[in-house]
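In what follows, chains are A, B, ... by sequence order, proteins preceding strands, each numbered from 1.
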Amino acid sequence: MTATLTPAPEKAPRRARASSGASRRRDSGPLERQQSRLFWPFVAPALLVYGLLFLAPIAYAAWTSLYRWDGMGEMEWQGLKNYWILWNDPNFASSIVNTLKILVIGGVITFLCSFLLTLVLREMRAKLFARSVLFFPNLVNAMVFGAVAGFLFSPDGPVNAVLGWVGVETPPKWLGTDNVFTLIMATLIWTATGYYTTIIMAAVDQIPPYLYEAAELEGASAWQRLRHVTIPLAWDVITVCAVLWTVSSVKVFELILLFGGSNAAEPPMQTWTTAVYVYASVFPTGSVPKLGLASAAALVSLVMVGLFTVLLRRLMRRDPIRY
Amino acid sequence: MRGPKIVAAGVMAALALAACGGSPSENGSAEGGGKGEFTYWSMWRADEPQAKVIKAAIDRFQAETGTKVKVEWQGRDIKVKIGPAIAAGKAPDLWDNAADVVSTTVVTGQAADLSSVFDSQVPGEGKKVSELIDTKLVDTLPKDPSGSTKWLVPYELISTGWFYNAADKDLAEQPKTWDELIKLCDALKAKDKPCLASDGELMWENFLTLDLLLVRDNGAGTLAKIFEDKSGAGWDAPGVLESAKRMEQLVKGGYLIKGYDASKYPAQQTNWAQGKAAFLSNGSWVAAEVSTLVGPDWKMGALQIPPTKGGNTEVNVSLIGFSVPKKAENPEPAKRFISYFIKKDNLEKIATEAKNITPRADIPAPAELADVQKQLSSNPVRPVLDNLPREYNQKVLFPAFLEMWHGKISAQEFVAKAKEAHVQYWKTAG
């Protein structure tokens, strides 16, 4: 849908914008002159803070990533060796795969659930209450789920007890090392669905009801109303949500630490994401910290997510619909 | 995107700022550090029993010597704070931790040599520290760049074992060999009682058995030898497979508690403490951990993995002790405090109040750890997992081991997988 709509209308407004920008510079009025005078005084402080707190550390990390450094002694020049190590480390590869799993599989399921809920929520009674209930998991600290899961899903825990009543004799090994990551994803999806549903619903509330009425009169089913009214008109918000999800899914960290790691130990390697990989390289237990490697890993995931976000924005870009 | 970026950025920014802080020797004693003052960062939180014992000793030390001690009860977070603090030249004069945590500052040349403390007199006892603390303990530590192991003065010992209820009549007789242990497990199985409880996700605790079997079958230092041979040839030794097969025997024999491979710590440990399994493989701290869970008639006993073919009776030990950073501003008063703390009436409270084993043989361990203390003193000792870097354990030993422990792969496959990961490890290490 987007692919066919996007290219043609895109070019025209762009050209128009470019030419109007050029003409503005030529015959700028007093208001424009005022605006351009105020540009730097207003932007400079923000830019400075941004540069100091974000760009400079990133540059510093990039520089550190070329060294071998334990954080205490001398830095030792490595060139691109840290990146070579990452390339050859199967654990980093599996961390990236896990991050992408959360990003893509988790994302698709979260948004499918959100759309389905939107479909129901728009038309149900007591929808405000239902929304609060849906949002609730998001308020609870992810740590709680990590701690509670150990109890809920233990072999003789409540979940298996309930399954036993309905006749499931050999329940899955919920907390087995192979299933922990799936459980982490499920928790993430569960908490995130309410969050994104709430945001998308806020956009859906702005859609004039007469559009739905008209669609209904023309015989559109609930699914068709979602497909042809809700999604196109809430598209901008959905795009923003997709970017938010991309950014937040790569931050996933404490949940994994809590689900997998017990005592003082790091979680099992099968559950590592790039964020955990970076953490474990900076703060290893009983090993020498590898700050250069950690910086390299952080940069690689930064670039990866940057690319992903740009790609996502391009894929989802289309003309805003005014109503 | 933000996660790793912020972690990295935060650390980098902290270190960048720290690097501007100037070297410690410049702003050292001039700042009023003086002779009679030092800072101490503790691995204990103020409400823990060890903290109370150390606090009481510090109070007495201050009163008796007039030295001022600035204490920060950091808790376990200290392990992530100490490196940046050393880098920033803001290291404390004294800190404590488990040897494997301290060793990260040792291999990087940031820990002071404490030979002078070992040679110093313990106040009021007429003996040197080295005469009161068995040297075989400190000999288990990895060497610092100068080849010395005297960079930690231990005040608490941790060991490992198969812990059990010595009041349980089924366990009255201690197996003397591995075969007898398996026989005992068979007998328990016949009575429908699992031999061994295990939270299957725990890597270190479960690996302990294989760690000791490798010693029993192949002699002490086998893991270290395997680790050092970068080609991975160490894994091909027939004795290694033999030990792995014994582990497989435990798994396949049906001796493990049901659901061990699908539980989260401490579910199965709790089951064990409630008598639902005979043994639990763990560190000696488990005695304190389950003290409120076990019944009134429980008597904590500890079994060491019995010999498989005679000899090789090494017992695991790991040390918790004091360390002085090389960049400390006031190392001397800190060192004086260490010798002061080794004094019997200070150190014995680690046993009586904090319920742990001390490195002094003349201080009896608390009753629940009496077995362990006896085993430590009557056998040669070895470091747990031969002091291998944890990164190696994480990446090479544990993933393959857990698959075998969960019954997914055979002993042969375990050895092959571990060898493969070993080669990969050395390819990217360095």
Side-chain angles (χ1 to χ4, degrees), chain A residues 54 57-58 60-61 64 70-73 85 88-91 149-151 153-157 173-177 179-180 246-248 250-253 260 262-266 268-270 274-275 278-280 282-289 291 294-295 297-299 301-302 305-306 309, chain B residues 1-13 15-16 76 79-80 83-84 86-87 98 100-101 103-105 107-110 199-205 258-268 271 389-395 398-399 402-403 406 408 421 424 427-430:
Chain A
F54 291 97
I58 292 173
Y60 189 74
T64 313
D70 54 32
M72 292 173 260
I85 290 175
N88 282 290
D89 187 350
N91 299 306
F151 161 74
F153 292 102
S154 82
D156 38 12
K173 291 171 180 170
W174 303 109
L175 299 168
T177 352
N179 294 333
V180 169
T246 309
V247 173
S248 70
V250 182
K251 290 198 299 191
V252 174
F253 167 70
S262 41
N263 294 354
E266 278 114 12
M269 308 278 332
Q270 296 99 308
T274 46
V278 172
Y279 175 80
V282 179
F283 298 122
T285 318
S287 296
V288 177
L291 295 189
S295 306
L299 278 178
S301 47
L302 175 66
V305 176
T309 312
Chain B
M1 166 165 73
R2 278 282 174 77
K5 190 170 88 180
I6 282 183
V7 170
V11 171
M12 295 312 145
L15 292 173
R76 307 303 180 276
K79 71 177 185 217
V80 298
I86 288 176
D100 64 336
V101 174
S103 73
T104 59
T105 68
V107 290
T108 48
Q110 299 293 340
D199 281 299
E201 53 152 6
L202 295 182
M203 299 174 260
W204 191 88
E205 287 80 350
K258 197 169 167 266
Y260 77 98
D261 54 349
S263 70
K264 196 165 158 57
Y265 166 88
Q268 303 295 6
N271 281 339
R390 278 224 205 170
E391 194 192 354
Y392 179 83
N393 307 341
Q394 262 282 337
K395 291 185 172 173
F398 294 162
L402 276 194
E403 285 190 58
H406 295 164
K408 284 181 217 145
Q424 193 67 44
K427 195 175 163 195
T428 55

So, for [X] and [Y], which heavy atoms are closest and what is the spacing to 0.1 Å?
X        : Y        : value
A/Pro90  : B/Gln424 : CD-CG, 3.3 Å
A/Met269 : B/Pro399 : CG-CG, 4.1 Å
A/Lys173 : B/Ala262 : CB-CB, 3.4 Å
B/Gly259 : A/Pro155 : O-CG, 3.3 Å

Check each atom of [X] against the heavy atoms of chain A and say whether the ones under 4.5 Å are side chain, backbone, both or neither.
X        : answer
B/Gln268 : side chain
B/Ser263 : both
B/Asn271 : side chain
B/Val80  : both

Legend entry - Under 4.5 Å from a heavy atom of chain B, the part of A/Asp156 involved: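 Contact with chain B: side chain only.
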
Inset, instruction - Sort A/Phe153 into side chain, backbone, both or neither according to what part of it lies under 4.5 angstrom from a heavy atom of chain B. - result: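 Only the backbone of A/Phe153 comes within 4.5 Å of chain B.
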
Inset, instruction - Would you indicate whether B/Lys408, at its atom NZ, is surrounded by more than 12 heavy atoms from other residues, nucleotides or ligands within a distance under 6.0 Å? - result: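 It does: B/Lys408 NZ has more than 12 such atoms within range.
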
Inset, instruction - Check whether any side-chain heavy atom of A/Thr177 lies under 4.5 Å from a side-chain heavy atom of B/His406, and answer yes or no. - result: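 Yes, at least one pair of side-chain atoms sits under 4.5 Å.
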
Legend entry - Side-chain heavy atoms of B/Glu201 within contact of A/Leu175, under 4.5 Å: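 Contact flag for B/Glu201/A/Leu175 side chains = no.
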
Inset, instruction - For the pair A/Ser287 (side chain) and B/Glu391 (backbone), establish whether a donor and an acceptor sit closer than 3.5 Å, ignoring hydrogens and angles. - result: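 At least one qualifying donor-acceptor pair exists.
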
Legend entry - Donor-acceptor pair, side chain of B/Thr428 and main chain of A/Asn88, under 3.5 angstrom: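 Not at all, since once roles are kept as given, no pair shorter than 3.5 Å links the two residues.
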
Inset, instruction - Go through the steps to decide whether B/Lys395 and A/Asp89 satisfy the test salt bridge (Lys or Arg N to Asp or Glu O under 4.0 Å), and finish with yes or no. - result: CA-CA 10 Å; B/Lys395 291 185 172 173; A/Asp89 187 350; 3.2 Å; yes

